[in-house]
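Excluded from the calculations below are hydrogen atoms, water molecules and symmetry mates; all remaining heavy atoms, backbone and side chain alike, are included. The chains referred to below are lettered A, B, ... by the order of the sequence lines, with proteins before strands, and numbering in each begins at 1.
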Amino acid sequence: SQKIEQNSEALNIQEGKTATLTCNYTNYSPAYLQWYRQDPGRGPVFLLLIRENEKEKRKERLKVTFDTTLKQSLFHITASQPADSATYLCALDLTGGGNKLTFGTGTQLKVEL
Amino acid sequence: DVKVTQSSRYLVKRTGEKVFLECVQDMDHENMFWYRQDPGLGLRLIYFSYDVKMKEKGDIPEGYSVSREKKERFSLILESASTNQTSMYLCASSLFAGQGEQYFGPGTRLTVT
């Protein structure tokens, strides 16, 4: 079955380092992929969308790559700060119908001083 | 900024009760979604709507129904609440269906006893 995989283990990194989170998907090749941030007890917040014809996209300290051959997206936070600590979710349309997203279970990031 | 509001942050109901969860968005978005989020399972789509009075089943519609009588309002109904419906319920809206970013409400933590 089609699914999305994110590392379920929390990622702990030191302030100032680059955090790299992975999103892998199987079978279907989506036209785009999205990343969201979720803080405890709150709804997810949209961060970035990358399309299949875009290898890389940046927004301030965030960078997303999209490798449709590997069926993988990498999400990078450079110069990480304790305020970046949150759970990060990737989401994509696995149906091809273009009308709904499937979310990964998310990876928790903790940035330590 | 898009604002998505949900009627309650916390709700406690008894088994067998009929439960209404309300969601309102203020940005004239066509599309609205209801998810539930459980530890280890991530966000799962219950129902979505792409227009007034239109609805489509998501991945886990059993035990739920929805209503969209006005563009800005999308209601989730639990006809007869059961303990396995204890969860965090999140509403979202988007301008474009699949590839548009989704804006989430704060969530309703529902406990069914």
Contact part of A:Gln38 toward chain B, heavy-atom cut-off under 4.5 Å: side chain, backbone, both or neither? side chain

Checking A:Leu89 against chain B: side chain, backbone, both or neither under 4.5 Å from a heavy atom? side chain

Structural part of B:Arg44 lying under 4.5 Å from a heavy atom of chain A: neither

Residue part contacting chain A, namely of B:Leu43, when any heavy atom lies under 4.5 Å: both

Correct closest heavy-atom pair for A:Tyr25 and A:Thr68 would be OH-CA, 3.7 Å

Check B:Ser8, B:Ser75, B:Ser7 against B:Glu22 for a side chain to side chain donor-acceptor pair (under 3.5 Å) and give me the one that passes. B:Ser75

Do the rings of B:Phe104 and B:Tyr35 sit parallel, tilted or perpendicular, given the 30° and 60° boundaries? tilted

Measure up the A:Tyr36 and A:Phe46 rings against each other and bin them: parallel (under 30°), tilted (30 to 60°), perpendicular (over 60°). perpendicular

